[in-house]
Amino acid sequence: VPMSSSSSSPTSPYTTLAVSRPAESITHVELNRPEKRNAMNRAFWSEMVECFNEIAADPDSRVVVVSGAGKIFTAGIDLMDIAGDVLQTDGDDTARTSWNIRNTIVKYQETFSVIEKCPKPVIVAIHGACVGGGVDLVTACDIRLCTQDAWFQVKEVDIGLAADVGTLQRLPKVIGSRSLVNELALTARKMYADEAKSSGLVSRVFADKDAMMAGALEMAGEIAARSPVAIQGTKVNLVYSRDHSVAEGLNYMATWNMSMLQTHDVMKSAQAAMEKKSPKSVTFSKL
Ligand SMILES: CC/C=C\C=C\CC(=O)SCCNC(=O)CCNC(=O)[C@H](O)C(C)(C)COP(=O)(O)OP(=O)(O)OC[C@H]1O[C@@H](n2cnc3c(N)ncnc32)[C@H](O)[C@@H]1OP(=O)(O)O
């Protein structure tokens, strides 16, 4: 992954993301348009795909932390760009215009599906507002953390559209209560940190952003220190099982592990366990 501490660095290939390596094997992807509250403009929708495809293929990256620069996590889709990109799509007739709009929606969906398809676990750290497309983004991540001042809003009905890039598909899988999901999506009311925690949208709430980022990086360190064969296999199979029956999930798992169990990592880890050493004391090859 091309690294930089800020998107303004001459080496950064991105205009909306700052990608850095805060510790070994950990990639930090920061939404980086703070002056526009990290609104998701046209470049963002492409850059996320490029960035996560790079991370997926990068053996030096074992875990990802996503966060937002500035005052809030994200204000969702860039309302200045949406007009040109979606609402004024051209086509010779209705069929062709519809086809072109469909292609744009599918492209935007991929912006968050890449997070789920990336075999490296993705921890998202949310502070302040997480609006519209922000909820689509965070529901595609594996672990969600937030600050006490965070709030979440499935805002789409307020701007006249049904959410179409992941929230309606993934939020019901994240939050146990279908009624709560329906309420949030149909009323666009804000959900604050305490309810996000009690409903299961986030697993931890931190006092402030500094504490959250420290917590996110510590958690990322725990994950990065373990066997990448075990970690990536766990993520891939958790995502697969969410969308399949138990029988299908078990079948997929057996096929997955018939090769992955042959890794040296199992013997190395088992030996460490026998010697009452932490799995973190073992050095694993890159994957
Ligand atoms: C195919 C479709 C795919 C995806 C669809 C997704 C749907 C959505 O995302 S729906 C949600 C859309 N977003 C919103 O409605 C939020 C709008 N913004 C706000 O309500 C507020 O900005 C805030 C998030 C509550 C933050 O408030 P505050 O901290 O007071 O900042 P502001 O002064 O309002 O804004 C600062 C600066 O940012 C610009 N900006 C904020 N949000 C957006 C946005 N969504 N799009 C474009 N620009 C945004 C705002 O205009 C200000 O810019 P200046 O140049 O400084 O005026």
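Residues: numbered from 1 along the sequence shown. As the structure lists them, so they are numbered: ligands from 1, and atoms in each ligand from 1.
In the vicinity of G76, heavy-atom distances shorter than 4.0 Å reach the ligand 1 atoms 9 (O). In summary, the atoms of ligand 1 found under 4.0 Å from a heavy atom of R37, numbered by their order in the structure, are 28 (P), 29 (O), 31 (O), 35 (O), 36 (C), 38 (O). Residue contact check: I72 has heavy atoms under 4.0 Å from atoms 24 (C) of ligand 1.
Taking a cutoff of 4.0 Å between a charged side-chain nitrogen and a carboxylate oxygen, R42 and D78 do not qualify as a salt bridge. One finds a salt bridge joining E222 and K280 here, because a Lys/Arg side-chain nitrogen approaches an Asp/Glu carboxylate oxygen to under 4.0 Å. Ion pairing of K173 with D243 is present here, as a side-chain N (NZ or NE/NH1/NH2) and a carboxylate O approach within less than 4.0 Å. A salt bridge does not link K197 to D194: none of the charged nitrogens lies less than 4.0 Å from a carboxylate oxygen.
Taking distance alone, with nitrogen or oxygen atoms compared against 3.5 Å, I77 approaches ligand 1 more closely than that limit. On a distance-only criterion, K36 and ligand 1 share at least one N/O pair closer than 3.5 Å. For ligand 1, none of its N or O atoms has an N or O atom of K155 under 3.5 Å away. Not a single N or O atom of D164, backbone or side chain, sits closer than 3.5 Å to an N or O atom of ligand 1. For A129, no nitrogen or oxygen atom sits less than 3.5 Å from a nitrogen or oxygen atom of ligand 1, counting backbone and side chain alike. The shortest N or O to N or O distance between G133 and ligand 1 is below 3.5 Å. Considering backbone and side-chain atoms together, V165 places no N or O closer than 3.5 Å to any N or O of ligand 1.
Residue-ligand proximity: E35 is placed with a non-hydrogen atom under 4.0 Å from ligand 1.
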Quiz prompt | Full working for side chain to side chain donor-acceptor pair (under 3.5 Å) between R144 and S203 | solution = CA-CA 6 Å; R144 283 166 292 279; S203 51; over 6 Å; no

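The two residues G166 and D136 make their nearest non-hydrogen contact at N-OD1, 3.1 Å.
Only side-chain heavy atoms of A39 come within less than 4.0 Å of ligand 1; its backbone N, CA, C and O stay farther off. Contact annotation: for T104 versus ligand 1, there are no heavy atoms closer than 4.0 Å. Neither the backbone nor the side chain of D136 has a heavy atom within less than 4.0 Å of ligand 1.
Put simply, the side chain of N251 never gets that close to the backbone of A247: no donor and acceptor are under 3.5 Å apart.
Distance screen at 4.0 Å: atom 50 (C) of ligand 1 has no protein heavy-atom neighbour inside the cut-off. Distance check on atom 34 (O) of ligand 1: every protein heavy atom falls at or beyond the 4.0 Å cut-off. By the definition of a contact as any protein heavy atom under 4.0 Å away, atom 21 (C) of ligand 1 is not in contact.
If you chain together hydrophobic residues whose side chains sit under 4.5 Å apart, I159 and V154 fall into the same group.
Among R33, E47, E30, K36, the one residue that satisfies the side chain to side chain donor-acceptor pair (under 3.5 Å) test with T16 is E47.
Between F112 and F44, the ring-plane angle classifies as tilted under the 30° and 60° cut-offs.
Within the model, atoms CD1 of I101 and CD of Q88 stand 11.0 Å from one another, a figure rounded to the nearest 0.5 Å.
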